[in-house]
Amino acid sequence: EAQVTQNPRYLITVTGKKLTVTCSQNMNHEYMSWYRQDPGLGLRQIYYSMNVEVTDKGDVPEGYKVSRKEKRNFPLILESPSPNQTSLYFCASRVGQGAGKLFFGSGTQLSVL
Amino acid sequence: SQKIEQNSEALNIQEGKTATLTCNYTNYSPAYLQWYRQDPGRGPVFLLLIRENEKEKRKERLKVTFDTTLKQSLFHITASQPADSATYLCALDINGRGKLIFGQGTELSVKP
């Protein structure tokens, strides 16, 4: 089954404790992206990747890191989480650049205390 | 400033009626626009894509229109069912190369 898999589904952590949210897709997609979703603000792009070893900032990249060492994986790293990073996070992928539909993961609800 | 607006209030309709959701934008000239459905606690799911040179697109009970003069897209669900209850997001491609900006979404509730 074609899918984007995120882990964990729920995560509670404390300020400053490094964490990684994993994302994997099995559709051989070139493009992958991370979004955060907050009430009243909608989905906002954090980082995206056009292909292996190619990443770029989205609209709200501060406090986040990503890497794309393999085509299928695109982890999101919070080196020093803060309470304002409490949010619902989604990973998404699609075929290449341009007018393709995005496939989203099921989301990671992160709470930073 | 650049903006995308969807009906901010939830839309409540009776089963069998047509639901119409609005997506308005300013200061963009998108090459295409997409609509997604999102259920509570789940990731958005793609529904339809319409390009700037297309006026209307249909898929089963769904219809999308795209008016680049009015800078507006309308999303219609005909013969609505309680299972259609969800939040619907519009997304614009703002640079012609796949950078999508999402609206905040409109929550639709279809009552039996």
Q) Are A/Leu102 and B/Pro44 side-chain neighbours, meaning at least one heavy-atom pair lies under 4.5 Å? A) no
Hphob cluster co-occupancy, [X] + [Y], side-chain heavy atoms under 4.5 angstrom:
X: A/Val112; Y: A/Leu11; value: yes
X: A/Ile46; Y: A/Val21; value: yes
X: B/Phe66; Y: B/Phe46; value: no
X: B/Leu48; Y: B/Phe102; value: no
X: A/Val66; Y: A/Leu19; value: yes

Q | Contacting moiety of B/Ile101, where chain A heavy atoms sit under 4.5 Å | A | side chain
Donor-acceptor pairs between chain A and chain B under 3.5 Å, which ones?
{"unit_1": "A/Arg9", "atom_1": "NH2", "unit_2": "B/Gly41", "atom_2": "O", "d": "2.3"}
{"unit_1": "A/Gln37", "atom_1": "OE1", "unit_2": "B/Gln38", "atom_2": "NE2", "d": "2.9"}
{"unit_1": "A/Gln37", "atom_1": "NE2", "unit_2": "B/Gln38", "atom_2": "OE1", "d": "2.9"}
{"unit_1": "A/Gly40", "atom_1": "O", "unit_2": "B/Gln104", "atom_2": "NE2", "d": "3.0"}
{"unit_1": "A/Gln45", "atom_1": "OE1", "unit_2": "B/Lys99", "atom_2": "NZ", "d": "2.9"}
{"unit_1": "A/Asp59", "atom_1": "OD1", "unit_2": "B/Lys99", "atom_2": "NZ", "d": "3.4"}
{"unit_1": "A/Asp59", "atom_1": "OD2", "unit_2": "B/Lys99", "atom_2": "NZ", "d": "3.2"}
{"unit_1": "A/Arg94", "atom_1": "NH1", "unit_2": "B/Gly98", "atom_2": "O", "d": "3.0"}
{"unit_1": "A/Arg94", "atom_1": "NH2", "unit_2": "B/Gly98", "atom_2": "O", "d": "3.0"}
{"unit_1": "A/Gly98", "atom_1": "O", "unit_2": "B/Tyr32", "atom_2": "OH", "d": "3.0"}
{"unit_1": "A/Gly100", "atom_1": "O", "unit_2": "B/Gln34", "atom_2": "NE2", "d": "3.1"}
{"unit_1": "A/Leu102", "atom_1": "N", "unit_2": "B/Tyr36", "atom_2": "OH", "d": "3.0"}

Q. Which one of A/Gly42, A/Gly107, A/Gly40 has the most heavy-atom pairs closer than 4.5 Å to chain B?
A. A/Gly40
Q: Tell me, yes or no, whether the heavy-atom count around A/Ile12 atom CD1, taken from other residues, nucleotides or ligands under 6.0 Å, exceeds 12.
A: no
